[in-house]
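Since this is a predicted model, take the numbers as computed values, not measurements.
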Amino acid sequence: MPSEFPKRVTLLGSTGSIGTQALDVVRSQPGRFTVTALSAQSNAALLVQQAREFRPAAVVIGDEAKYETVKAALAGQPETEVLAGAAALADVAGRPDSDIVLTAMVGYAGLLPTVRAIRAGKDIALANKETLVVAGQLITDLVRQHNVRLLPVDSEHSAIFQCLVGEEQNPIEKIVLTASGGPFRGRSRAQLAEVTKAQALKHPNWDMGAKITIDSASLMNKGLEVIEAKWLFGLRDNQIDVVVHPQSIIHSLVQFEDGSLKAQLGLPDMKLPIQYALGYPQRLSNTFPRFSFLDYPQLTFEQPDLSTFRNLALAFEAMSQSGNAPCVLNAANEVAVAAFLRDEVGFLQMSEVVEECLSRVSYLANPSLDDYVLTDKETRRVAQERLARL
């Protein structure tokens with residue numbers, strides 16, 4: 001796809017944390033980006049506000065019950081087509097009027113629109129890690145087949161990507177993904193058993209949506225990032241390490257076969273990796289706050305506690321099994337986190353749901369796209385059965 005500006009951007013998940021920050025990036029780079037489509041699952045009011053400002057060719061509201069509300073609010077804006085539902089979302093992702101699709105949706109829901117966008121020849125700015133967790137082999141095969149770029153937006157994967165620019169001929173020995181450790185770093189399992197939703201939603205460094213914040217507190221988010229990294233960078237399982245780095249300044253590291261390490265550093269601000277993905281291969285000037293070592297005189301590191309934070313260990317196990325096991329991991333976790341956010345299960349019980357699903361859901365070594373869809377459905381059923389017994 002063309003790298004010159006202005007780039008035409010389709011933004012899926014525009015009302016969430018990544019989506020709103022992506023629009024901040026667009027505002028800060030006048031003339032470099034135009035917004036051709038926006039989507040939201042349920043936040044109709046903010047979607048309408050964004051549509052009035054950016055005047056895209058299309059908006060999609062995932063919750064079909066809110067279609068008439070959005071349609072009526074944008075009745076005076078005939079250049080913007082209003083659509084609703086999952087099928088419309090996939091259709092918009094593949095339309096020819098954009099150069100890059102930023103997938104900022106949360107969870108499994110991002111998979112099918114991303115597949116449609118890749119098949120339509122769009123570059124992908126990937127903030128939806130679940131796409132690669134669920135169907136990494138399928139997605140990477142499609143990316144090669146359609147000759148598009150898969151540009152990571154997660155800060156850790158953006159860091160690895162940036163460290164690899166110019167190193168195409170130099171084999172990776174391993175990568176090290178950094179983790180803040182979340183709000184419960186250092187706590188015992190007994191202490192985690194008493195954790196409340198309000199406590200889990202207070203991340204020490206990052207401002208994120210509820211689901212990813214809970215995943216960060218349980219270290220499942222880091223587990224999903226491990227699986228995502230395997231596919232993004234073509235790694236073997238034993239080439240991926242995780243180190244807890246509470247300050248969240250070093251976003252990740254690459255070690256090459258000569259032992260040299262390269263790291264990407266910066267403040268914990270998602271706008272920088274978003275801008276890098278949208279503007280790639282150019283680095284665009286901006287007024288974002290700058291990091292100073294004097295403000296962070298100590299950067300510390302420690303091993304993650306896999307026995308206390310069971311989710312990270314389960315993610316490594318699912319990655320090792322491969323096939324549809326990571327799809328099972330993701331679906332079970334989505335159900336468990338939703339139940340925790342409804343105060344229906346305890347913090348540690350989320351891992352119990354995931355572990356049971358990994359043992360009970362039918363294993364497939366070489367799943368197709370349809371198989372992933374069926375696996376997701378089966379896992380959600382099994383997870384609900386487990387929740388009913390808690």
Hey, could you give me the [atom1]/[atom2] distance between [X] and [Y], rounded to the nearest 0.5 Å?
{"X": "His251", "Y": "Cys163", "atom1": "NE2", "atom2": "SG", "answer": "11.0 Å"}
{"X": "Arg189", "Y": "Phe184", "atom1": "CZ", "atom2": "CZ", "answer": "14.0 Å"}
{"X": "Lys129", "Y": "Asp154", "atom1": "NZ", "atom2": "CG", "answer": "4.0 Å"}
{"X": "Ser14", "Y": "Gln49", "atom1": "OG", "atom2": "CD", "answer": "10.5 Å"}
{"X": "Ser252", "Y": "Ile160", "atom1": "OG", "atom2": "CD1", "answer": "4.5 Å"}
{"X": "Lys377", "Y": "Tyr108", "atom1": "NZ", "atom2": "OH", "answer": "7.5 Å"}

Quick one: are [X] and [Y] in side-chain contact, heavy atoms under 4.5 Å?
{"X": "Leu278", "Y": "Phe33", "answer": "yes"}
{"X": "Leu151", "Y": "Ile100", "answer": "yes"}
{"X": "Val153", "Y": "Leu126", "answer": "no"}
{"X": "Leu390", "Y": "Val353", "answer": "yes"}
{"X": "Leu89", "Y": "Arg116", "answer": "no"}
{"X": "Leu272", "Y": "Leu267", "answer": "no"}
{"X": "Thr80", "Y": "Leu38", "answer": "no"}
{"X": "Leu341", "Y": "Leu201", "answer": "yes"}

Are [Y] and [X] connected in a single hydrophobic cluster, I mean Ile/Leu/Val/Met/Phe/Trp/Tyr linked by side-chain heavy atoms less than 4.5 Å apart?
{"X": "Leu111", "Y": "Leu374", "answer": "no"}
{"X": "Leu306", "Y": "Val244", "answer": "no"}
{"X": "Val242", "Y": "Leu235", "answer": "yes"}
{"X": "Val165", "Y": "Leu261", "answer": "no"}

Classify the side-chain pair [X]/[Y] by whether it contains a donor and acceptor separated by less than 3.5 Å.
{"X": "Thr178", "Y": "Glu156", "answer": "no"}
{"X": "Glu355", "Y": "Ser359", "answer": "no"}
{"X": "Asp371", "Y": "Ser368", "answer": "yes"}

Hey, is [X] close enough to [Y] for a salt bridge, meaning N to O under 4.0 Å?
{"X": "Arg360", "Y": "Glu378", "result": "no"}
{"X": "Glu68", "Y": "Lys71", "result": "no"}
{"X": "Arg389", "Y": "Glu385", "result": "no"}
{"X": "Asp99", "Y": "Lys7", "result": "no"}
{"X": "Asp97", "Y": "Arg95", "result": "no"}
{"X": "Asp343", "Y": "Lys197", "result": "yes"}

Side chain to side chain contact (heavy atoms under 4.5 Å, CB included) for Leu142 and Arg119? Distances and angles first, verdict last. CA-CA 7 Å; Leu142 284 173; Arg119 286 175 170 166; 4.0 Å; yes
Give the minimum heavy-atom separation between [X] and [Y], together with the two atoms involved.
{"X": "Ala104", "Y": "Gly19", "answer": "CB-N, 4.1 Å"}
{"X": "Pro152", "Y": "Leu150", "answer": "CD-O, 3.6 Å"}
{"X": "Phe309", "Y": "Ala217", "answer": "CE2-O, 3.4 Å"}
{"X": "Arg32", "Y": "Phe5", "answer": "O-CD2, 3.2 Å"}
{"X": "Glu228", "Y": "Val133", "answer": "N-CG2, 4.4 Å"}
{"X": "Ala315", "Y": "Ile227", "answer": "O-CD1, 3.8 Å"}

Counting neighbours of [atom1] on [X] that are heavy atoms of other residues, nucleotides or ligands and sit closer than 6.0 Å, is the number greater than 12?
{"X": "Asp258", "atom1": "CG", "value": "yes"}
{"X": "Lys174", "atom1": "NZ", "value": "no"}
{"X": "Arg236", "atom1": "CZ", "value": "no"}
{"X": "Gln303", "atom1": "CD", "value": "no"}

Donor-acceptor pair, [X] side chain versus [Y] backbone, under 3.5 Å?
{"X": "His245", "Y": "Ile250", "result": "yes"}
{"X": "Gln282", "Y": "Gly279", "result": "no"}
{"X": "Lys122", "Y": "Ser98", "result": "yes"}
{"X": "Glu130", "Y": "Asn330", "result": "no"}
{"X": "Asp123", "Y": "Arg149", "result": "yes"}
{"X": "His157", "Y": "Glu225", "result": "yes"}
{"X": "Glu168", "Y": "Gly166", "result": "yes"}
{"X": "Arg290", "Y": "Phe288", "result": "yes"}
{"X": "Thr36", "Y": "Pro56", "result": "no"}
{"X": "Gln77", "Y": "Leu74", "result": "no"}

Please lay out, stage by stage, how Tyr276 and Val25 fare under the test side chain to side chain contact (heavy atoms under 4.5 Å, CB included). CA-CA 10 Å; Tyr276 187 75; Val25 169; over 6 Å; no
Parallel, tilted or perpendicular, as decided by the 30° and 60° cut-offs, for the rings of Phe347 and Phe340: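 Aromatic pair Phe340/Phe347 classed perpendicular.
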For side chain to side chain contact (heavy atoms under 4.5 Å, CB included), just list the numbers for Phe161 and Gln264, CA-CA rounded to whole Å, side-chain angles, deciding distance to a tenth of an Å, and then say yes or no. CA-CA 9 Å; Phe161 185 75; Gln264 188 264 335; over 6 Å; no
Residue from Leu314, Ile214, Asp215 passing side-chain contact (heavy atoms from CB on, under 4.5 Å) with Asn333: Asp215
Does the side chain to side chain contact (heavy atoms under 4.5 Å, CB included) test come out yes or no for Val106 and Gln41, once each step is laid out? CA-CA 10 Å; Val106 176; Gln41 176 56 31; over 6 Å; no
